[in-house]
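Please read the structure below before turning to the comments.
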Amino acid sequence: MHTVVSADGTELGYEARGDGRPLVLVHGTSARTESFRDLAPHLAEDFTVVTYDRRGRGRSGDGDDYGLQREVEDLRAVVDAVDREPVVLGHSFGGLVALEAASELDVDRLVLYEPSVLVGEPHGGDLAERVRAHLGDGDRVRAVEEFFDAVGAADLLPRAAVEQAAGIAETVARELEVVEGYDLDDPETGVPTLLVVGEDGPDHLREAVEALDETLAATERAELAGAGHLGINTAPERLADAVRAFRR
């Protein structure tokens with residue numbers, strides 16, 4: 001394991017495996033670097049795959065102040081630590097981080113798998129508040145269950161994953177606050193961007209991808225047949241194929 005220090009002094013743990021152009025993977029809400037355990041082996045023959053724990057979990061520290069800019073600074077620190085301009089792949093909330101950071105980073109290409117961008121208010125606009133309410137009652141498990149129920153992942157995750165997520169429930173709440181407060185406005189990544197959706201993924205995230213496809217200057221689309229929002233685990237070969245095809 002390697003470490004890098006972000007702009008606010010927070011230490012982040014990351015790993016690199018494989019050989020080739022660097023590919024930085026940015027995980028989603030309630031997740032850790034282990035979320036990419038199924039995907040990384042399928043990419044390591046063509047890329048040096050870099051995975052890191054986002055702040056507040058795993059082998060990474062945290063800071064007193066939190067916001068999307070802190071996540072951007074963290075990703076910048078990891079990108080700056082690799083030898084060449086990387087491809088960056090962000091999943092879910094990690095996709096939002098990558099989208100926000102891309103124009104400020106020296107990256108080769110961007111892959112966004114169902115980034116957490118809201119078009120309208122698919123969860124009623126108060127999911128973060130509902131999660132916070134459960135935390136206020138001391139029920140960390142119910143807090144993350146509220147999140148998984150709302151995003152349609154409750155039936156896709158084993159109980160062990162729910163219990164692990166409960167350990168970082170506060171990060172779930174604060175990231176939901178970022179998502180609900182994010183204004184898509186007029187984004188631009190400045191690099192070729194692959195937008196990925198799962199055939200069975202949530203409708204509101206498909207709408208987000210469609211909105212980005214209409215707005216960004218240089219995009220390609222890929223759809224993972226038979227996969228949903230967790231295609232990084234259920235369809236890793238197909239996702240890896242899409243990334244390799246995009247890289248050529």
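- Criterion: ILVMFWY side-chain heavy atoms under 4.5 Å apart, direct or through other members. Under it, Leu99 and Phe246 are not part of a common hydrophobic cluster.
- Panel note: side chain Glu199, backbone Leu224; no donor-acceptor pair is recorded below 3.5 Å.
- Dense packing is recorded around CG of Asp185, with more than 12 heavy atoms of other residues, nucleotides or ligands lying under 6.0 Å away.
- Other residues, nucleotides and ligands contribute only 12 or fewer heavy atoms inside 6.0 Å of the CG atom of Asp203.
- Note that CG of Asp62 and CG of Asp8 are 8.5 Å apart. Values are rounded to the nearest 0.5 Å.
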Exercise. Can you check side-chain contact (heavy atoms from CB on, under 4.5 Å) on Val88 and Val79, steps first, answer last?
Worked result: CA-CA 9 Å; Val88 173; Val79 167; 4.3 Å; yes
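- In terms of heavy atoms, Ala173 sits closest to Leu135 at CB-CD1, 4.1 Å.
- Each of Asp53, Thr10, Asp74 was checked for a side-chain contact (heavy atoms from CB on, under 4.5 Å) with Ser60, and the lone residue meeting it is Asp53.
- With salt bridges taken as basic N to acidic carboxylate O contacts below 4.0 Å, one links Arg159 and Glu145.
- In this model, a donor atom of one side chain and an acceptor atom of the other lie less than 3.5 Å apart for His229 and Ser92.
- Within the model, atoms CG of Leu194 and CG of Leu89 stand 8.0 Å from one another, a figure rounded to the nearest 0.5 Å.
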For this session: Could you please spell out the steps behind the side-chain contact (heavy atoms from CB on, under 4.5 Å) verdict for Glu146 and Asp149?
Result: CA-CA 5 Å; Glu146 182 81 33; Asp149 287 342; 5.7 Å; no
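- In this structure, Thr51 contributes its side chain and Val49 its backbone to no donor-acceptor pair below 3.5 Å.
- Without hydrogens or angle criteria, Glu180 side chain to Leu127 main chain gives a donor-acceptor distance under 3.5 Å.
- A donor-acceptor pair is defined here as one N or O able to donate and one able to accept, closer than 3.5 Å; such a pair exists between the side chain of Thr48 and the backbone of Gly20.
- Using a 30° and 60° split on the angle between ring planes, Tyr52 and His27 fall in the tilted class, from 30° to 60°.
- Using a 4.0 Å cut-off between a side-chain N of Lys or Arg and a carboxylate O of Asp or Glu, Arg70 and Glu73 qualify as a salt bridge.
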Less than 3.5 Å apart, which donor and acceptor atoms pair up between the side chains of residues 160-169 and the rest of the protein, not counting sequence neighbours?
none

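- A distance of 9.0 Å separates CG of Asp186 from CG of Leu216, quoted to the nearest 0.5 Å.
- Of the candidates Val50, Val82, Leu25, Val50 is the only one forming a side-chain contact (heavy atoms from CB on, under 4.5 Å) with Tyr14.
- The nearest pair of heavy atoms linking Ala40 to Arg17 is CB-NH1, 3.9 Å.
- Counting heavy atoms from C-beta outward, Val107 and Val87 have side chains that stay 4.5 Å or more apart.
- A donor-acceptor pair shorter than 3.5 Å can be found between the side chains of Thr29 and Glu175.
- Across all non-hydrogen atoms, the minimal contact from Ala227 to Gly231 is CB-CA, 4.2 Å.
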For this session: Before giving the answer on side-chain contact (heavy atoms from CB on, under 4.5 Å), spell out for Leu43 and Val243 the whole-Å C-alpha distance, their side-chain angles and the decisive distance to 0.1 Å.
Result: CA-CA 9 Å; Leu43 293 166; Val243 172; 4.2 Å; yes
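- From Glu237, atom CD reaches atom CG of Asp38 across 8.5 Å, with rounding to the nearest 0.5 Å.
- Taking every heavy atom of both residues into account, Ala16 and His2 meet most closely at N-CD2, 4.3 Å.
- Cluster annotation: Leu110 and Leu68 are assigned to the same hydrophobic cluster (Ile/Leu/Val/Met/Phe/Trp/Tyr, side-chain heavy-atom contacts under 4.5 Å, transitive).
- In this structure, Leu239 and Ile232 have side chains that are in contact, with non-hydrogen atoms separated by less than 4.5 Å.
- Residues Pro86 and Phe47 have side chains not in contact (no heavy-atom distance under 4.5 Å, counting atoms from C-beta outward).
- In terms of heavy atoms, Ala208 sits closest to Val117 at CB-O, 3.1 Å.
- One finds the CZ atom of Phe93 at 11.5 Å from the OG atom of Ser30 (value rounded to the nearest 0.5 Å).
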For this session: Take Leu75 and Val26, measure what side-chain contact (heavy atoms from CB on, under 4.5 Å) needs, and give me the verdict at the end.
Result: CA-CA 8 Å; Leu75 178 53; Val26 192; 3.9 Å; yes
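- The pair Glu85-Arg21 fails the salt-bridge criterion, with no side-chain N (NZ, NE, NH1 or NH2) lying under 4.0 Å from an Asp/Glu carboxylate O.
- Residue Glu45 places its CD atom among 12 or fewer non-hydrogen atoms of other residues, nucleotides or ligands, all under 6.0 Å distant.
- Contact check for Pro115 versus Leu212: side-chain heavy atoms found under the 4.5 Å cut-off.
- With rounding to the nearest 0.5 Å, the separation of CG in Asp80 from CG in Asp106 is 7.5 Å.
- By the 4.0 Å N-to-carboxylate-O rule, Glu114 lies too far from Arg206 to be salt-bridged with it.
- In summary, Arg54 and Glu71 engage in a salt bridge, as defined by a charged side-chain N under 4.0 Å from a carboxylate O.
- Using a 4.5 Å cut-off on side-chain heavy atoms (C-beta onward), Leu176 and Glu129 make no contact.
- Linking ILVMFWY residues whenever their side-chain heavy atoms come closer than 4.5 Å, directly or via other members, places Val209 and Tyr182 in the same cluster.
- The pair Arg59-Glu11 fails the salt-bridge criterion, with no side-chain N (NZ, NE, NH1 or NH2) lying under 4.0 Å from an Asp/Glu carboxylate O.
- Crowding of Asp137 atom CG: a count of heavy atoms from other residues, nucleotides or ligands under 6.0 Å exceeding 12.
- In this structure, the side chains of Thr189 and Ser103 stay at 4.5 Å or more apart for every pair of heavy atoms.
- Between the side chain of Thr215 and the backbone N or O of Ala211, at least one donor-acceptor pair lies under 3.5 Å.
- Cation-pi geometry between Arg174 and Tyr66 is met: under 6.0 angstrom from the ring centre, within 45 degrees of the axis.
- Nearest heavy atoms, Leu12 versus Ser6: CD1-CB, 4.3 Å.
- At least one donor-acceptor pair closer than 3.5 Å links the side chain of Glu188 to the backbone N or O of Ala217.
- Val78 and Val5 are members of different hydrophobic clusters when ILVMFWY side chains are connected at heavy-atom separations under 4.5 Å.
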Problem set entry | Verdict with reasoning, Asp126 to Arg130, per salt bridge (charged side-chain N to carboxylate O under 4.0 Å, His left out) | CA-CA 6 Å; Asp126 65 347; Arg130 301 198 310 265; 2.5 Å; yes
For this session: Show the numbers, then the answer: is there a side chain to side chain donor-acceptor pair (under 3.5 Å) between Thr219 and Asp213?
Result: CA-CA 6 Å; Thr219 61; Asp213 201 14; 2.5 Å; yes
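- Hydrophobic clustering (ILVMFWY, side-chain heavy atoms < 4.5 Å, transitive): Val196 and Leu23 are in one cluster.
- Arg221 has no carboxylate O lying under 4.0 Å from a charged side-chain N of Glu223, or vice versa, which leaves the two without a salt bridge.
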